[in-house]
Each structure stands twice: as structure tokens, then as C-alpha cells.
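Whatever order the structure lists ligands and atoms in, that order sets their numbers, starting from 1. Numbering of residues begins at 1 and proceeds along the displayed sequence.
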Amino acid sequence: MNNNLLHEPLTILKGVGKATAEALQELGISTLEDVLFTFPTRHEDFRLKDLTLTDHNERVTIEGRIESDPTILFMGKKSRLQVKVLTGRHLIKAVFFNQPYLKAKFIPGEIVTISGKWDKGRQVIQASAHQLGPRTDDHDFEPVYSLKGRVTQKVFRRLLTQAFELTKEELVDPLPESVRESYRLPNLYEALQAIHFPEDAAQTKNARRRFVYEELLQFQLKMQALKKIRKDANVGRPVEYDPLLIKSFVASLPYELTRAQNRAVDEILKDLRAPYQMNRLLQGDVGSGKTVVAAITIIAAYSAGMQGAIMAPTEILAEQHANAFFDWFSPLGIQVALLTGSTKAKMKRQILEGLQTGEIDVVIGTHALIQPDVQFKNLGVVVTDEQHRFGVEQRRVLKQKGLEPDILFMTATPIPRTLAITAFGEMDVTIVDEMPAGRKPIETYWMKEQQLPALLSRLKKELIAGRQAYVICPLIEESDKLDLQNVLDIFHELQAYYEPEFKVELMHGKLPSDEKDAVMRKFSDNESQILVSTTVVEVGVNIPNATFMMIFDAERFGLAQLHQLRGRVGRGDHQSYCVLIADPKTEVGKERMTSMTETTDGFALAEKDLELRGPGDFFGRKQSGMPEFKVADLVHDYRALQTAREDAERLVDSQYFWHSEEWSLIRAKLEQSGILEGQRID
Ligand code: ADP
Ligand code: MG
């Protein structure tokens with residue numbers, strides 16, 4: 001095996017001088033191998049197509065007769081040239097940006113071939129390529145690369161041809177033949193050929209499948225190897241729980257667990273019993289019943305003689321959990337304590353002592369739980385609610401105390417499966433994807449601001465019936481003065497309308513946290529009936545009497561966030577409503593609003609959000625730790641991701657993978673990633 005040529009610099013190619021080599025370097029391309037593995041961003045289809053068969057925004061190539069002198073519009077350095085073309089029975093316009101010199105070339109009566117994006121409504125082609133005269137047959141289907149400057153498509157294609165010629169004998173396929181055969185994937189040589197020099201779309205599609213699989217497999221191998229390393233390290237202790245106690249607790253509940261809850265419990269118990277440290281994400285839509293799953297987890301630890309801790313991001317949520325857990329645990333003789341920042345000093349001392357001696361079995365609290373003065377006798381399980389609010393940092397602190405308990409992260413943020421198994425690839429993921437029976441779906445409407453008077457009187461009826469309401473205003477940047485003014489205006493308007501009959505309160509991020517808590521508590525105790533708030537209304541707040549939600553400027557929120565907000569209502573027996581007040585200007589914006597009115601399934605919405613916004617936006621910017629893929633696309637390649645994950649799981653566990661020649665190239669890449677450093681895997 002001689003890979004030398006692949007790693008040669010580009011200057012060995014004809015036509016690559018210093019300047020071109022530097023320009024390529026800027027694109028991250030410095031060796032022959034880099035050239036071969038620079039994949040096109042799309043393929044241009046130059047086969048002629050009838051416009052009647054072409055969809056709006058679809059790319060198309062047409063041949064036609066120039067019907068007018070081109071007109072040209074200059075805008076500073078930019079220009080827009082427009083020309084009428086008759087193709088078949090369509091008289092259309094073709095638009096060319098920043099190519100003013102075409103004015104002299106387009107002569108009425110002559111034939112021209114134009115490729116571009118078809119704007120069906122305006123009957124315009126936004127041209128991206130053209131050819132004077134009728135279409136010739138020499139290119140049907142061509143890859144288009146993301147390039148810039150002196151490295152044009154033409155230049156790059158010349159390099160590709162040379163690089164491919166020179167190295168094709170040396171290409172060694174990292175994917176074993178057995179794998180390629182079972183998924184009917186082309187080998188490396190065929191795939192590169194099909195991507196760069198395709199005959200048709202089907203061929204490139206199949207080649208793409210291969211690179212997607214390879215990329216995802218490599219990624220998942222890394223994730224699964226990390227997981228295996230953690231499990232093999234045996235840092236956790238097996239939790240020898242008592243199944244009978246769990247059974248009797250479940251039997252004492254006023255309802256049957258849903259199938260999804262049962263499955264979650266099974267997966268968690270399996271982790272607890274195993275000698276490794278549990279690191280599981282429990283995902284479930286708002287109201288899917290995660291709390292009782294957490295309770296069972298804690299009871300399991302208790303029955304094994306271990307302590308449990310439950311952490312919530314805010315005092316209100318901690319209190320809310322404490323109430324639920326007191327009710328469940330007291331009959332079982334389990335000692336529960338609530339520890340937050342506002343626990344009185346004397347009480348706090350008692351709790352700390354109780355945790356150290358083991359008198360207290362379960363502690364519920366906020367960040368206060370991970371302060372240095374908190375010592376446990378035998379901490380077995382930690383459950384954290386709303387994982388995205390804290391997680392990694394808190395685990396590190398626990399570890400510093402010499403504690404490596406089993407950890408369950410709960411989140412109601414519906415992260416699409418695709419992302420969950422990717423971003424959290426190193427965690428085990430359980431999804432509670434079923435709602436308890438008998439829930440009334442929240443009725444959701446989309447309105448314009450002009451309809452506000454009618455809406456306000458509708459809300460009044462709800463208030464008279466004894467219900468409460470949230471009114472949400474966007475304050476995306478807490479520093480945005482305009483937005484803040486907007487919130488205040490709405491607050492005053494509602495006060496004028498409803499007070500003194502009903503009390504309206506205001507909440508926003510600028511309030512000191514004790515005031516926030518006070519406002520929340522008043523609303524929770526029904527001392528106020530309308531809460532005007534920015535998005536600081538806590539995820540997980542449970543006020544079943546609140547049945548009405550109004551969201552102003554709803555188009556400014558993402559779907560996932562709208563869904564989270566909406567989850568504040570629909571928590572009791574009464575029918576709940578959510579009204580989106582929005583005037584979206586874009587198609588995507590309109591689609592978002594419509595999706596909200598059509599479904600209350602958080603996962604469906606999250607998938608939709610992902611589709612509309614793309615994975616980069618989903619977690620909000622890049623810092624999220626989302627992996628970036630070169631070929632794979634998390635929305636469309638979900639099935640490939642699933643397959644790759646299953647395969648990786650199996651491979652990481654097999655001796656054959658770690659030792660066979662067949663897998664040596666894939667293994668080498670895994671080793672390059674550094675994660676296996678100092679690890680023994682077998
Ligand atoms: P979340 O997953 O949002 O934390 P909760 O645990 O707060 O949801 O549960 C929401 C409501 O559903 C609670 O009132 C709870 O008592 C109820 N609940 C949970 N599981 C079931 C079930 N299997 N059948 C009926 N009601 C359930
Ligand atoms: Mg909850």
C-alpha cells in the first residue's frame with residue numbers, strides 16, 4: 001500500500017503555480033487527496049426540461065430564442081441584466097446578476113441555453129449558467145463545488161481529472177467489502193468517480209449514500225467507543241434495588257404507567273443494576289409524565305440503601321418537585337428534605353447533617369445541592385431536571401467530591417431523535433414518546449394583532465370562569481429597550497382593561513430573582529390572574545389553573561420555543577387555549593405558525609423546526625457542540641444515522657473489529673481522534 005501520491009502537494013499538477021496553490025490552500029485544499037474529497041455542494045442538471053413540468057424554485061435548463069434587447073440596471077458595483085426569452089410556448093424573463101458584459105452577447109433572434117432557478121409566479125429564471133446557441137450534448141449533469149476567487153469550477157475540474165488519474169491505483173477503500181455488499185454501496189473508486197464525473201443523478205445519489213454512511217459510521221464509532229470506555233471503567237456501583245418495593249409503588253399510583261414510561265423504567269433499572277455509571281438522558285414532551293419515572297429511579301436507589309438527589313434549575317421548580325415527592329415518599333417511610341438558597345441556616349445545618357449521617361434519604365434542591373458543604377453518606381442516584389440548564393459542570397463538581405453516582409438527566413426540550421442520538425451520542429437516550437391517555441390537546445389559533453379586541457373579551461370569559469392566563473411578549477435580548485417598552489405597553493394596556501376585577505402582574509428577566517419568585521408565587525396561588533411575561537416563565541412550571549396563553553409577535557420565536565411556552569397551559573382538567581399573535585413576512589414564518597396550530601406533538605414540531613431552520617440553528621449557534629458533517633445531513637439522513645449507530649454499537653463490542661485487517665483503515669481514523677489514548681478496548 002503506497003499512499004504517497006495522495007499526500008503530494010498540488011503543485012505537482014499541471015497548471016498549478018504558486019498563486020493557485022495558495023488560493024486552494026485558503027479553501028482548505030492542499031493535497032491530491034483533499035481535491036478528491038472536496039465534494040460538490042450540488043449538481044447542475046443541464047438536460048432540457050419543459051417549464052410546465054418544473055416546480056417553483058426548482059433548477060431547470062431551457063433552450064429558447066432571445067426576444068428582446070437586454071436591459072440592465074446598475075446598483076453601485078452590482079448589476080442586474082434582464083432579457084426576454086421564448087421557450088416552447090413560454091415567454092419568460094432570464095435574469096443575470098453582475099455579468100453586464102452579456103448585454104453585447106444576447107442578440108434578439110439568436111438561440112440561447114440557460115440554466116437557473118425557476119420562479120414560477122413571476123415567470124423568471126434566475127440564471128446561474130448559460131451557453132450561446134443551442135444546447136450541446138457534452139455536459140448533461142455536472143457537479144458544482146463551493147469555490148472562490150481564481151479557483152473556478154473549470155480550474156477545479158481540471159485538477160480533479162488529473163488528481164483522479166494519478167491516484168486511482170492507490171485508492172484503498174476503508175469500508176470492508178462485506179459492508180459495502182450488504183448495503184449495496186459502491187466502492188471508494190466508483191463512488192468518487194460517480195460524485196465527480198457523474199453520468200446521471202441516480203449514480204451520484206448512490207455514491208453519496210456511501211460517503212454518508214462512512215462518515216456517520218466513523219462518528220458513531222467514536223461515540224460508542226467513548227461510551228464503552230465509560231462503561232468498562234466500572235466507576236459506578238451496581239445498585240441492588242428491591243423490585244418488590246418498586247412494584248408496590250407503581251401499584252399504588254392512581255393510574256397505569258404508559259408503555260413509554262414502562263420502557264423508560266426498564267432501561268433505567270437495567271443501568272442501575274449494571275456496574276457502570278448511568279449517564280442517561282430522559283426526554284419526553286411536556287406532560288408526558290417524567291416525574292414519576294424519576295421517582296421510581298430514586299425509590300430503586302433507596303431500596304438498595306443509597307441516597308438520591310433531585311436537582312431543579314429554580315427554587316420554584318424544586319419546591320414543586322418536593323411537593324410531589326413528599327406525597328409519594330412519606331408513605332414509604334423515605335425521609336425527604338428540600339434544600340435551596342432560601343433554606344434557613346438552622347434548617348440547612350440539620351439537612352446537611354442528615355445527609356452526612358444518612359438519616360435523610362432523598363434531597364431535592366437547586367444549585368445549593370452541589371455546594372462544597374454538602375456531603376453525602378452514600379449517594380447512589382442524581383436526577384436533574386431540565387438538563388440543558390446544568391449538567392456537565394455539575395457532574396464535574398460531584399466528581400470532585402469523589403462521587404460518581406448514576407445520573408439521569410430529564411428534559412422536556414423535544415430534541416429530534418436525529419439530533420439526540422448525535423449530539424448526545426455518548427449518552428444513552430430514552431424517549432417518552434407517549435402522552436397519558438385522556439389529555440385534552442391545547443387548542444391553538446393564529447391571529448393578527450387587529451383581532452386583539454375580540455381576543456381580550458374572549459379571555460375575560462375565561463377569567464370569569466375562574467381560570468388564569470399567561471401573556472408572553474418576546475424579549476429576545478434582555479437589553480433591548482424597544483422590546484422592554486413593548487412588554488410594558490402591553491402590561492399597562494391589560495391592566496387598564498382588566499383591573500381592578502382581575503389582577504395583572506409583570507415578570508421579566510431584569511427583575512431580581514426574589515421578586516421573580518414572588519410574582520410567580522402570587523400567580524401560582526391565584527392572587528393574580530394574568531401574568532404578562534417575557535420568556536423567563538420557567539420551563540416546567542406547573543399551574544394547572546392557567547388555561548389561556550397569548551403569545552405576542554410569535555413569529556419571532558422558534559417552533560421549539562413556542563412549544564415550550566405553550567406547555568405552560570393544558571396541565572389541568574380544563575380545556576386550554578393558546579393564541580399566537582403574529583404577522584410573519586416569510587413563507588417559513590407562516591409555515592411555523594400553521595404547524596403550531598396543527599399539532600401539539602413536540603417531537604413532530606422539533607423535526608419541523610429542524611427542517612425549516614437546519615441543525616445549526618436548532619441549538620442556537622455552533623457552540624452547542626453539534627458535530628458538523630461534511631456530507632451527511634441530519635434531517636434527511638436520519639435512517640443512515642440510525643443504521644450507523646446500530647452498526648457502531650455492534651462493532652465496538654466485537655473482537656473482530658478491533659483486530660481484523662478488514663477494519664484497519666476505519667480503526668486508524670478512530671485512533672487518530674485520540675479518544676482511545678491510554679485505553680484498552682477488548
Ligand atoms: P413532565 O414529563 O412534563 O414532567 P409530569 O411528570 O409533570 O410531566 O406529569 C404531568 C401530569 O401527568 C401529572 O399531573 C402526572 O400526575 C400525570 N401523569 C403522569 N403519568 C401518568 C399516567 N401514566 N397516566 C395518567 N396521568 C399521568
Ligand atoms: Mg417535569
Side-chain angles (χ1 to χ4, degrees), residues 246-268 280-299 308 310-314 316-331 336 362 364 366 382-389 408-415 420 429-442 470 520 524 537-547 549 560-576 578 600-606:
I246 294 171
K247 261 208 187 105
S248 71
F249 172 72
V250 172
S252 77
L253 293 170
Y255 45 73
E256 300 264 311
L257 293 185
T258 62
R259 247 179 318 147
Q261 283 170 321
N262 271 318
R263 187 161 30 83
V265 167
D266 285 347
E267 287 176 3
I268 290 166
R280 188 170 284 279
L281 180 72
L282 181 67
Q283 264 202 322
D285 208 344
V286 182
S288 59
K290 296 182 295 294
T291 320
V292 71
V293 175
I296 294 170
T297 308
I298 299 283
I299 290 172
I310 300 157
M311 309 224 235
T314 65
I316 294 179
L317 286 178
E319 273 175 35
Q320 205 173 278
H321 277 314
N323 288 334
F325 287 105
F326 274 124
D327 290 348
W328 278 327
F329 292 168
S330 306
V336 186
V362 178
I364 298 163
T366 53
V382 174
V383 175
T384 80
D385 203 3
E386 281 318 317
Q387 175 268 340
H388 61 276
R389 304 292 285 274
L408 184 68
F409 298 93
M410 296 200 287
T411 180
T413 309
I415 302 162
V429 180
T430 293
I431 300 183
V432 185
D433 52 2
E434 186 185 356
M435 287 289 178
R439 274 288 155 72
K440 291 193 191 79
I442 302 163
Y470 295 97
M520 259 343 274
S524 172
V537 168
E538 297 302 343
V539 171
V541 165
N542 189 22
I543 301 172
N545 193 46
T547 55
M549 171 165 286
Q561 202 177 2
L562 285 174
H563 179 68
Q564 275 301 324
L565 287 168
R566 177 169 64 181
R568 298 311 103 228
V569 296
R571 307 181 73 85
D573 297 332
H574 301 285
Q575 176 62 51
S576 286
C578 175
T600 51
D601 176 341
F603 286 95
L605 285 170

Are side-chain heavy atoms of M549 and L565 found at a separation under 4.5 Å?
-> yes
Just by distance, do the side chain of D385 and the backbone of A312 share a donor-acceptor pair under 3.5 Å?
-> no
Is K290 reaching over with its side chain to a backbone N or O of M410, donor-acceptor style, under 3.5 angstrom?
-> no
Any atoms of ligand 1 less than 4.0 Å from a non-hydrogen atom of [X]? List them with their elements.
X    : answer
S288 : 2 (O), 8 (O)
T258 : 23 (N)
E256 : 22 (C), 23 (N), 24 (N)

What part of M410, side chain from CB on, backbone N/CA/C/O, both or neither, has a heavy atom under 4.0 Å from ligand 1?
-> neither
Have a look at ligand 1 and work out which part of L257, if any, has a heavy atom under 4.0 Å from it: side chain, backbone, both or neither.
-> backbone
Kindly assign one of parallel, tilted or perpendicular to the pair F329 and F325, based on the angle between their ring planes and the thresholds 30° and 60°.
-> tilted
List for me each residue that meets side-chain hydrogen bond (donor to acceptor under 3.5 Å, both in side chains) alongside T258, sequence neighbours excluded, and say none if there are none.
-> Q261
Decide whether the shortest distance between a heavy atom of G284 and an atom of ligand 1 is less than 4.0 Å.
-> no
Identify, with sequence neighbours excluded, every residue that meets salt bridge (Lys or Arg N to Asp or Glu O under 4.0 Å) alongside R280.
-> E267, D271
Closest to atom 7 (O) of ligand 1 (heavy atoms only, candidates T291, L253, L282) is T291
Can you find an N or O of P436 that's nearer than 3.5 Å to an N or O of ligand 1?
-> no
